[in-house]
Amino acid sequence: MDIESLYYFSELSKSLNMTHTANRLYISQQTLSNHIQRLENFYGTPLFYRKPKLSLTSAGTEVLKFADMVIINHQNLKVKCYTNVVTVVANKI
């Protein structure tokens with residue numbers, strides 16, 4: 001499991017369309033599918049129902065909550081790190 005896979009999963013959960021999501025992320029459908037499969041293997045359960053059309057399983061709903069939290073925390077951490085770097089550089093000038 002990695003942040004990139006969680007991000008792709010979160011994005012797919014919004015549109016529930018592999019083609020549109022892959023195009024929006026500028027990746028192939030196969031790459032997107034591989035990331036989803038990696039998460040399903042990691043958690044040991046399907047995250048999507050594939051038929052009759054793509055929809056989240058109950059496990060997928062729980063993973064989505066977690067994924068969104070991780071993504072937000074990751075973005076906040078990046079901002080804090082960037083702010084600290086800018087502050088350190090500014091103090092050295």
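Predicted, not measured: the structure shown is a model, and the values here were computed from it.
When atom types are taken as modelled, the side chain of Ser33 and the backbone of Gln29 share no donor-acceptor pair closer than 3.5 angstrom.
In this model, no donor atom of one side chain and acceptor atom of the other lie less than 3.5 Å apart for Gln37 and Asn41. Using a 3.5 Å distance cut-off with no hydrogens or angles, the side chains of Ser5 and Asp2 do pair a donor with an acceptor. With 3.5 Å as the limit, one finds a donor-acceptor pair spanning the side chains of Thr31 and Ser28.
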Donor-acceptor pairs under 3.5 angstrom involving side-chain atoms of residues 54-61: please list them, not counting sequence neighbours.
from	atom 1	to	atom 2	distance (Å)
Thr57	OG1	Pro46	O	2.9
Thr57	OG1	Leu47	O	3.3
Thr57	OG1	Ala59	N	3.4
Thr57	OG1	Gly60	N	2.9
Thr61	OG1	Thr57	O	3.2

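Between His74 and Leu6, the closest side-chain pair of non-hydrogen atoms is not below 4.5 Å. Side-chain contact check for Tyr7 versus Val70: every heavy-atom pair is 4.5 Å or farther apart. When side chains are defined from C-beta on, Thr45 does not count as touching Glu40, because their heavy atoms never get closer than 4.5 Å.
Between atom NE2 of residue His20 and atom CD of residue Glu11 there is a gap of 14.0 Å, rounded to the nearest 0.5 Å. With rounding to the nearest 0.5 Å, the separation of CD1 in Ile71 from CD in Glu4 is 11.0 Å. Once rounded to the nearest 0.5 Å, the distance linking CD1 of Ile36 with CZ of Arg50 reads 8.0 Å. The line from CE of Met69 to CG of Leu64 is 11.5 Å long, rounded to the nearest 0.5 Å.
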Apply side chain to side chain contact (heavy atoms under 4.5 Å, CB included) to Leu16 and Lys53, showing your working.
CA-CA 8 Å; Leu16 298 173; Lys53 64 183 213 175; over 6 Å; no

Can Leu77 and Cys81 be said to form a side chain to side chain contact (heavy atoms under 4.5 Å, CB included), step by step?
CA-CA 6 Å; Leu77 181 58; Cys81 289; 4.0 Å; yes

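Applying the ring pair (Phe, Tyr, Trp, His ring centres under 6.0 Å) rule to pairs touching residues 31-58 yields Tyr8-His35, Phe9-Phe48, sequence neighbours excluded.
The shortest heavy-atom contact between Asp68 and Ser10 is OD1-OG, 2.7 Å.
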